[in-house]
Number of protein chains: 4
Amino acid sequence: MDLTPPRWQRRKDARPAEIIEAALALFVEKGFAAARLDDVAKRAGVTKGTLYLYFENKEELFKAVVRETVLPNLEFAELLVADHRGSCADLLWALLEGWAQRLQQSPSTSISKLMIAEASNFPELGRFYLEEVVLRSRRLFAEVIQRGIDAGEFRAVDVAMATRSVTAPLMMIKVWKQSFECCDSSEVDLPEFARFHYEMLIRGLRAD
Amino acid sequence: MDLTPPRWQRRKDARPAEIIEAALALFVEKGFAAARLDDVAKRAGVTKGTLYLYFENKEELFKAVVRETVLPNLEFAELLVADHRGSCADLLWALLEGWAQRLQQSPSTSISKLMIAEASNFPELGRFYLEEVVLRSRRLFAEVIQRGIDAGEFRAVDVAMATRSVTAPLMMIKVWKQSFECCDSSEVDLPEFARFHYEMLIRGLRAD
Amino acid sequence: MDLTPPRWQRRKDARPAEIIEAALALFVEKGFAAARLDDVAKRAGVTKGTLYLYFENKEELFKAVVRETVLPNLEFAELLVADHRGSCADLLWALLEGWAQRLQQSPSTSISKLMIAEASNFPELGRFYLEEVVLRSRRLFAEVIQRGIDAGEFRAVDVAMATRSVTAPLMMIKVWKQSFECCDSSEVDLPEFARFHYEMLIRGLRAD
Amino acid sequence: MDLTPPRWQRRKDARPAEIIEAALALFVEKGFAAARLDDVAKRAGVTKGTLYLYFENKEELFKAVVRETVLPNLEFAELLVADHRGSCADLLWALLEGWAQRLQQSPSTSISKLMIAEASNFPELGRFYLEEVVLRSRRLFAEVIQRGIDAGEFRAVDVAMATRSVTAPLMMIKVWKQSFECCDSSEVDLPEFARFHYEMLIRGLRAD
DNA sequence: TATGAATGAGGCTTCATTCAT
DNA sequence: CATGAATGAAGCCTCATTCAT
């Protein structure tokens with residue numbers, strides 16, 4: 001009976017996802033340039049050469065990480081907006097609450113910090129992320145605000161500005177948390193802050 | 001009698017600052033790892049070797065950039081808070097307006113993006129920046145909010161949370177602007193947003 | 001009753017030859033080091049792993065290519081010389097004409113270029129090729145020349161030298177053709193040149 | 001008194017030539033792909049990094065080797081042809097003798113073997129070499145032959161063919177010498193062969 | 001003080017080879 | 001037999017750092 005484990009296993013289907021997950025972690029932690037493919041490979045449980053079976057080079061791996069990680073997140077929220085019946089305030093809360101939870105739980109949201117750091121080094125990818133994530137999220141919230149205004153539920157504020165007021169705080173807090181988690185124990189809890197933020201927003205937005 | 005010092009001497013005194021300025025620009029644009037000292041030197045108008053006359057190595061140069069760039073920005077605001085007579089709303093506005101202007105004009109504020117990216121690679125520096133900039137700013141705003149609450153001008157909100165609500169949006173917008181300036185022409189104007197943000201905040205904070 | 005063996009079995013027997021043919025083409029085109037086994041496999045219609053069922057490693061494959069490709073070519077010519085009755089000039093022409101045709105048609109003759117490039121990296125193989133092809137060909141032509149001298153048909157030239165005069169031009173033109181076929185459309189036709197070459201030779205060799 | 005030798009010296013002017021010489025030797029010996037830049041550097045007395053101060057990459061180094069090494073050789077011969085007074089036979093001999101000497105002495109002539117091996121991997125360089133060396137040499141000899149025909153000194157042969165008859169043998173012998181020097185001690189002496197070759201040619205060419 | 005040629009460690013990438021399937 | 005996923009050594013190349021000038 002041979003008990004020595006095989007030197008490796010064939011796991012063609014599982015590999016790309018495992019590699020992308022490992023790469024996400026290291027890119028987020030170190031940045032693109034400082035992340036070493038050796039470490040990515042080690043974390044994914046393969047060797048460096050294996051990476052090149054699935055990705056052409058470091059840059060393509062990076063792009064894959066962004067693309068694979070980013071996309072699926074917004075669809076649920078978009079459906080929520082499309083289907084909502086009821087007050088815009090409630091809808092806003094539903095969106096914020098859901099987003100805060102995803103920010104807290106899903107590792108994919110850490111890509112924001114990464115893109116902030118690397119967008120200028122990868123303009124094409126920056127455009128992709130901006131369009132597919134940033135602008136798409138904004139459009140979502142903008143629609144809710146506009147709907148609230150049209151319904152007389154909100155004041156006639158500048159929608160573009162209001163959209164930033166809604167989205168920027170949660171985003172920023174997530175980014176701070178990640179960046180300074182090594183040294184800052186004082187950061188606020190995201191879902192809790194979402195509630196606080198929501199109440200501030202409603203007072204700022206509601207019609208007098 | 002010519003009393004102006006010879007040109008090279010003036011430059012000699014100016015060198016460290018010039019190098020730091022160049023390094024700031026490149027670190028912000030590329031990140032620490034991807035910024036090449038050759039390019040820093042070129043931008044500073046010197047050669048690579050010269051950098052090592054003033055800074056021990058790349059990491060020390062990075063630390064110097066952060067330390068030199070970060071410090072002087074908050075003192076004025078702290079004085080403003082200490083000396084203010086009048087409503088807390090006015091004080092809040094004065095702070096936000098001044099900050100928005102500095103974010104727009106002073107290159108030193110671009111360090112935020114850099115620290116977001118590099119804090120986990122340089123924990124010591126992360127702590128320094130967190131303490132000297134992030135927490136110090138928060139304390140400033142926290143004090144104003146607390147003062148407003150004590151004076152009955154503001155509602156009795158959670159001060160820690162409210163502080164984030166005040167600071168995060170401007171910060172985030174500055175960071176987005178920088179990161180996506182290559183591809184996004186739609187970003188809002190900072191001082192204008194500061195005004196909008198202030199009005200939202202006041203509605204959220206003021207006592208009923 | 002179908003007596004033709006199933007297709008895969010025929011292929012199994014044919015495999016080594018197919019691989020060698022593919023390898024010859026790629027080694028000649030790229031050189032030993034720059035030829036990739038992946039491409040050899042692809043051209044042979046198998047996968048990389050299969051190569052190792054038939055050849056121990058790249059170097060052994062290379063040796064097999066040289067050995068298998070080189071051998072059968074001279075026998076016919078040797079018989080021709082052994083059996084010839086008639087003038088040595090006629091024999092010389094028969095040899096040159098036959099050689100020119102083989103150079104033009106048989107892929108195996110492209111090995112010359114390969115050996116020129118790789119002999120110093122594979123001295124053992126160089127010796128093999130030198131002995132089995134170069135020297136053996138020379139002996140053939142040397143014998144004809146010597147026979148012509150002995151018969152009073154040719155001048156009493158230095159046989160070693162004359163042998164080079166006979167063999168080098170065709171060889172060189174074949175090699176040039178191959179090496180510069182990508183960029184040179186001006187190269188002469190081999191059989192035509194063989195005729196020209198023969199007439200030059202005869203004038204150079206014949207007794208006054 | 002410090003007797004330890006300096007770790008390195010600044011020799012900006014001498015470096016490129018030294019590197020090219022070292023690279024020539026290694027490329028000729030191993031071929032382009034099999035030659036290691038580490039070895040080139042070692043032979044040139046520098047380190048790998050230094051190569052990149054003078055040449056962009058391995059391919060550019062290769063091109064530089066070909067360009068720098070090959071070109072100066074033909075100019076002398078071209079002058080000889082332009083200035084010659086006397087019989088074309090004498091001129092032909094002068095050219096062949098000079099060429100044989102260069103082939104024997106100048107390391108630059110070993111480029112031919114290299115180009116034969118690599119032309120198909122570097123088509124652009126192949127074209128360059130073909131045009132600047134091969135065709136240019138041929139033009140030289142073609143002119144002499146044509147002149148001899150026009151003067152009634154030579155038969156009215158096909159000039160293109162005759163040119164190959166003149167040039168190919170010396171070239172081929174040089175190439176064989178290099179490729180099989182490790183294993184063949186029987187190769188003829190180049191200047192001696194040039195004389196032999198000349199006498200064969202003259203008999204082949206001269207008018208009856 | 002300033003230069004920039006030279007270094008050498010370390011990363012990315014390729015590819016001959018192995019081996020689980 | 002055949003496959004092709006996985007390996008790992010080795011090569012190219014970059015760039016922070018050093019040091020002769």
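To find a chain, count down the sequence lines: A is the first, B the second, and so on, and within it residues start at 1. When reading the values below, keep in mind they use all heavy atoms of this one structure, side chains included, and skip hydrogens, waters and symmetry mates.
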Partner residues of D/A14 under the side chain to side chain contact (heavy atoms under 4.5 Å, CB included) criterion, sequence neighbours left out: D/R11, D/E18
Less than 3.5 Å apart, which donor and acceptor atoms pair up between the side chains of residues 50-58 of chain A and the rest of the protein, not counting sequence neighbours?
{"unit_1": "A/N57", "atom_1": "OD1", "unit_2": "A/E59", "atom_2": "N", "d": "3.2"}
{"unit_1": "A/N57", "atom_1": "OD1", "unit_2": "A/E60", "atom_2": "N", "d": "2.9"}
{"unit_1": "A/K58", "atom_1": "NZ", "unit_2": "A/F32", "atom_2": "O", "d": "2.9"}
{"unit_1": "A/K58", "atom_1": "NZ", "unit_2": "A/A33", "atom_2": "O", "d": "3.3"}
{"unit_1": "A/K58", "atom_1": "NZ", "unit_2": "A/A35", "atom_2": "O", "d": "2.9"}

Nearest-Å distance for atom pair CG/C1', residues A/L53 and F/dT7: 9 Å
d(CZ, B/F55; C1', F/dA16) in whole Å: 16 Å
Set of side chain to side chain contact (heavy atoms under 4.5 Å, CB included) partners for A/A117, sequence neighbours left out: B/A117
Nearest listed nucleotide, side chain of D/Y54, among E/dA6, F/dA5, F/dT3: E/dA6
With sequence neighbours excluded, residues passing salt bridge (Lys or Arg N to Asp or Glu O under 4.0 Å) with A/E124: A/K63
D/S110: side chain to side chain donor-acceptor pair (under 3.5 Å) partners, not counting sequence neighbours: none
Least distance between heavy atoms, A/I20 atom then A/T69 atom: CG2-OG1, 4.2 Å
Protein proximity profile, nucleotides 14-21 of chain E - base contact B, sugar-phosphate-only contact S, no contact -, cut-off 4.0 Å on heavy atoms: BSBBBBBS
D/Q178 atom CD, over 12 foreign heavy atoms within 6.0 Å: yes
A/F62 and A/F27 aromatic ring geometry - parallel, tilted or perpendicular at 30°/60° bounds: perpendicular
d(NZ, A/K42; P, F/dG8) in whole Å: 12 Å
Paired and unpaired positions of DNA chain E as dot-bracket, Watson-Crick or G-U wobble under 3.5 Å, | denoting a partner strand: .||||||||||||||||||||
Residue pairs, two or more places apart or on separate chains, that pass salt bridge (Lys or Arg N to Asp or Glu O under 4.0 Å) and touch residues 37-49 of chain A: A/R36-A/D39, A/D38-A/K48
Whole angstrom value for the distance that separates P of E/dC12 from CD of A/E60: 15 Å
Below 4.0 Å: OP1/OP2 of F/dA2 and any side-chain N or O of C/T50: no
With D/S108 via side chain to side chain donor-acceptor pair (under 3.5 Å) - residues at least two apart: D/N73, D/S106
Residues from residues 13-30 of chain A lying under 4.0 Å of DNA chain E - heavy atoms: none
Residues forming a side chain to side chain donor-acceptor pair (under 3.5 Å) with D/S179, sequence neighbours excluded: none
